[in-house]
There are 2 protein chains.
Amino acid sequence: MIISKKQAFQDFASAKGLKSTKQRDIILDSFLSCHQHLTTEELYLKLKTDNPNIGFATVYRTLKLFAESGIAREIQFGDGQTRYEHMHAGEHHDHLVCTRCGAIVEFENETIEKLQSEVAAQHGFTIKNHKLELYGYCVKCS
Amino acid sequence: MIISKKQAFQDFASAKGLKSTKQRDIILDSFLSCHQHLTTEELYLKLKTDNPNIGFATVYRTLKLFAESGIAREIQFGDGQTRYEHMHAGEHHDHLVCTRCGAIVEFENETIEKLQSEVAAQHGFTIKNHKLELYGYCVKCS
DNA sequence: TCGTATATTGATAATCATTTTCAAAAAGGC
DNA sequence: GCCTTTTTGAAAATGATTATCAATATACGA
Ligand SMILES: [Zn+2]
Ligand SMILES: [Zn+2]
Ligand SMILES: [Zn+2]
Ligand SMILES: [Zn+2]
């Protein structure tokens, strides 16, 4: 899984004429070994421990590249912070977000997806992507 | 419809001990007479024509109040601008967004809403609100 | 290996939307 | 009118993100 992501990014990089750098390798390893839905700042702080020489801007730029390459997805839960999560080819999920403790649960619902397509078709829209987030309290916080 | 919104905001204001000001009256009138999904800046610019004395910050603050009072809803379509739309009591809708021309279409789908509740229940979540946006191209832009 | 053209980095400054600050003005009750 | 509290508007502050740019690193062909 991780190897294929690395490969996928390498393919993207060479197709785009990007040069390979150790900073990007480090950021990629760190990102892939991390829990999901992390902030640029979270990843930067995590990196800084072992690599105090990597700059903030580089982490920003690199995460943008990951998103562009398709191995990551940008998500925003309305708290003003952009988060990144791993993107598994051919898979898709939406989110339940606890607004008290910040817990995030992923779910997939084939019927909802189908209904979305129907709605779009009814209005003549060609959908490229969508965002479905359910905000509330998780079991522990209810 | 407009009158009841005005009334609703007045009720909210007096319950909160807010003083009535002509700036808020003007902003409220302007907001209610406006098309939907408008930016703070859009409303500010519209106001400035007839009321060059109303400040940016006041429009920001007042729109936040409208949202708090329940007569408006804050929405974010991922373009970095917060928008506000009229909130009709007891009604709900989601959005189709054209990423080319910016067209916004509202829709309601009872089945999707119901499925969302089911998903939330399955994961033990108590949902307070949700966000469903379908991004793509509208008929004209396809 | 060396040279060169090109891409990348990191520190810093810039940007952009939004929020805060604060003194002056306005509102509401007495 | 007087006094207290809220509101306003201009400007400064904030916070996340992006751009700038000189220095550095990479890729590749000679
Ligand atoms: Zn929780
Ligand atoms: Zn996720
Ligand atoms: Zn369109
Ligand atoms: Zn709407």
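Predicted model, so just to flag it, every value in this text is computed and none were measured. All chains are named by letter (A, B, ...) in the order of the sequence lines, taking the proteins before the strands, and each is independently numbered beginning at 1.
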If you only use heavy atoms from C-beta on, which nucleotide in dT19(C), dT17(D), dT8(D) is closest to the side chain of Y60(A)? dT17(D)
Do K19(A) and dT26(D) have a side chain to base donor-acceptor pair shorter than 3.5 Å? yes
Using atom [atom1] of [X] as one end and atom [atom2] of [N] as the other, report the distance to the nearest whole Å.
| X | N | atom1 | atom2 | result |
| --- | --- | --- | --- | --- |
| Q76(A) | dA16(D) | CD | C1' | 10 Å |
| D25(B) | dT7(D) | CG | C1' | 13 Å |
| F56(A) | dT18(D) | CZ | P | 12 Å |
| D79(A) | dT19(C) | CG | C1' | 17 Å |
| K22(B) | dG28(C) | NZ | C1' | 15 Å |
| I27(B) | dT7(D) | CD1 | C1' | 11 Å |
| R61(A) | dA19(D) | CZ | C1' | 9 Å |
| Y44(A) | dT17(D) | OH | P | 15 Å |

Taking the six-membered ring for Trp, are H37(A) and F77(A) parallel (under 30°), tilted (30 to 60°) or perpendicular (over 60°)? tilted
Indicate the ring-plane relationship of H123(B) and F107(A), choosing parallel, tilted or perpendicular according to the 30° and 60° boundaries. tilted
Need one value for R24(A): base, sugar-phosphate or nothing, where a base atom within 4.0 Å counts as base even if backbone is also close, heavy atoms only. sugar-phosphate
Would you classify K64(B) as touching base, sugar-phosphate or nothing, given that sugar-phosphate means primed atoms plus P, OP1 and OP2, and contacts are heavy atoms under 4.0 Å? sugar-phosphate
Salt bridge or not between K131(A) and E133(B)? Use side-chain N to carboxylate O under 4.0 Å. no
Is the phosphate of [N] approached by [X] (side-chain N or O, under 4.0 Å from OP1 or OP2)?
| X | N | answer |
| --- | --- | --- |
| Q23(A) | dG10(C) | yes |
| T82(B) | dT18(C) | yes |
| S20(B) | dG28(C) | yes |
| T21(A) | dT8(C) | no |

Is the ring centre of F31(B) less than 6.0 Å from the ring centre of Y84(B)? no
Nearest-nucleotide wise, let me know which of A57(B) and Q81(B) is further upstream toward the 5' end of DNA chain C. Q81(B)
Closest-nucleotide ordering on DNA chain C, the 5'-leading residue of L18(B) and I54(A): I54(A)
Does a side chain donor of either Q7(A) or D11(A) reach within less than 3.5 Å of an acceptor in the other side chain? yes
